[in-house]
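Only a predicted model underlies this, so the values are computations on that prediction, with no experimental measurement involved.
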Amino acid sequence: MRLLDRYLLSIFLPALAMFGLAFVFIILAVDFAANLAKFLELKNRALPSFVLLYYGMRLPMFVTYLLPAVMLFAPMFTAIKLARTNEILPIAASGISLRRMSLPFIVSAAIACAAIAALEE
């Protein structure tokens with residue numbers, strides 16, 4: 001792993017985690033608000049334990065829906081951050097192509113595809 005890859009991953013992975021958690025919390029909040037009336041109608045069930053179990057079962061489905069969007073926004077955020085701090089031009093001037101610079105993004109997208117395929121099965 002080259003120094004550039006480690007540097008890009010040090011920007012990309014926190015962005016990936018930030019967007020992933022933000023999107024999951026948003027979809028959980030919207031789904032909880034939409035299902036709150038149904039949750040309150042339940043009888044003979046402890047509400048907090050049922051809600052935790054319900055969203056524990058639905059979380060893999062939410063992740064499969066959100067992972068493509070997260071994999072779109074996190075590389076865009078990384079590229080914008082690099083452009084804002086004028087780091088893309090020195091990378092290109094040092095002889096590293098922009099295709100090579102995007103390799104960590106492509107590898108992480110392939111890992112995300114494998115994760116989605118595993119969650120679907």
Side-chain angles (χ1 to χ4, degrees):
M1 180 178 291
R2 298 175 77 173
L3 182 62
L4 176 64
D5 294 334
R6 288 193 303 257
Y7 179 67
L8 287 175
L9 287 175
S10 72
I11 298 170
F12 175 68
L13 292 178
L16 188 71
M18 178 186 64
F19 282 112
L21 289 175
F23 286 165
V24 165
F25 284 136
I26 288 170
I27 200 165
L28 285 176
V30 169
D31 191 68
F32 181 75
N35 291 327
L36 184 60
K38 293 178 185 175
F39 292 150
L40 294 176
E41 290 175 359
L42 291 175
K43 303 292 185 220
N44 302 328
R45 295 291 303 245
L47 186 61
S49 64
F50 178 77
V51 169
L52 288 175
L53 180 65
Y54 177 78
Y55 285 114
M57 296 290 185
R58 290 182 58 101
L59 191 61
M61 181 187 70
F62 291 154
V63 169
T64 59
Y65 291 157
L66 295 175
L67 202 52
V70 169
M71 291 307 300
L72 175 69
F73 284 112
M76 282 189 338
F77 174 81
T78 304
I80 289 170
K81 185 172 181 179
L82 289 173
R84 186 176 297 150
T85 57
N86 296 325
E87 295 177 359
I88 292 180
L89 185 61
I91 291 170
S94 69
I96 298 171
S97 70
L98 295 179
R99 288 183 185 152
R100 173 60 182 91
M101 188 185 82
S102 66
L103 186 64
F105 306 144
I106 295 168
V107 170
S108 64
I111 292 170
C113 284
I116 289 173
L119 286 173
E120 288 290 325
E121 292 300 321

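- Rounded to the nearest 0.5 Å, atoms CG (L82) and CZ (F12) are 12.0 Å apart.
- Grouping the Ile, Leu, Val, Met, Phe, Trp and Tyr side chains by contacts below 4.5 angstrom, directly or via other members, places L72 apart from V107.
- Under a 3.5 Å cut-off, the side chain of S97 and the backbone N or O of R100 do form a donor-acceptor pair.
- Residues M18 and V70 have side chains not in contact (no heavy-atom distance under 4.5 Å, counting atoms from C-beta outward).
- The two residues L8 and M101 make their nearest non-hydrogen contact at CD1-O, 3.1 Å.
- When hydrophobic clusters are built by joining Ile, Leu, Val, Met, Phe, Trp and Tyr residues whose side-chain heavy atoms come closer than 4.5 Å, directly or via intermediates, M57 is not grouped with F50.
- With rounding to the nearest 0.5 Å, the separation of CZ in R2 from OH in Y7 is 15.5 Å.
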Legend entry - Residues L47, L40; criterion side chain to side chain contact (heavy atoms under 4.5 Å, CB included); working and verdict: CA-CA 8 Å; L47 186 61; L40 294 176; 3.9 Å; yes
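- Between the OH atom in Y65 and the CZ atom in R58 there is a gap of 8.0 Å [rounded to 0.5 Å].
- At a threshold of 4.5 Å between non-hydrogen side-chain atoms, the residues L53 and R45 count as touching.
- Counting heavy atoms from C-beta outward, F62 and L28 have side chains that approach closer than 4.5 Å.
- Residues L4 and F77 do not share a hydrophobic cluster, clusters being chains of Ile/Leu/Val/Met/Phe/Trp/Tyr side chains in contact below 4.5 Å.
- Across A74 and A15, no two heavy atoms sit closer than the pair CB-C, 4.1 Å.
- Listed by first then second residue, pairs satisfying side-chain hydrogen bond (donor to acceptor under 3.5 Å, both in side chains) with a partner in residues 21-39 read D31-N35, D31-Y55, N35-Y54, not counting sequence neighbours.
- Between atom CD1 of residue I88 and atom NZ of residue K81 there is a gap of 13.0 Å, rounded to the nearest 0.5 Å.
- For L119, the side-chain contact (heavy atoms from CB on, under 4.5 Å) partners two or more places apart in sequence, or in a different chain, are P60, V63, T64.
- S108 is not listed as a side-chain neighbour of L13, based on a closest heavy-atom distance of 4.5 Å or more.
- Linking ILVMFWY side-chain heavy atoms closer than 4.5 Å, directly or via other members, places L66 and M76 in a single hydrophobic cluster.
- Linking Ile, Leu, Val, Met, Phe, Trp and Tyr whenever their side-chain heavy atoms come within less than 4.5 Å puts I11 and I91 in one cluster.
- Within the structure, no pair that satisfies the side-chain hydrogen bond (donor to acceptor under 3.5 Å, both in side chains) test touches residues 8-28, not counting sequence neighbours.
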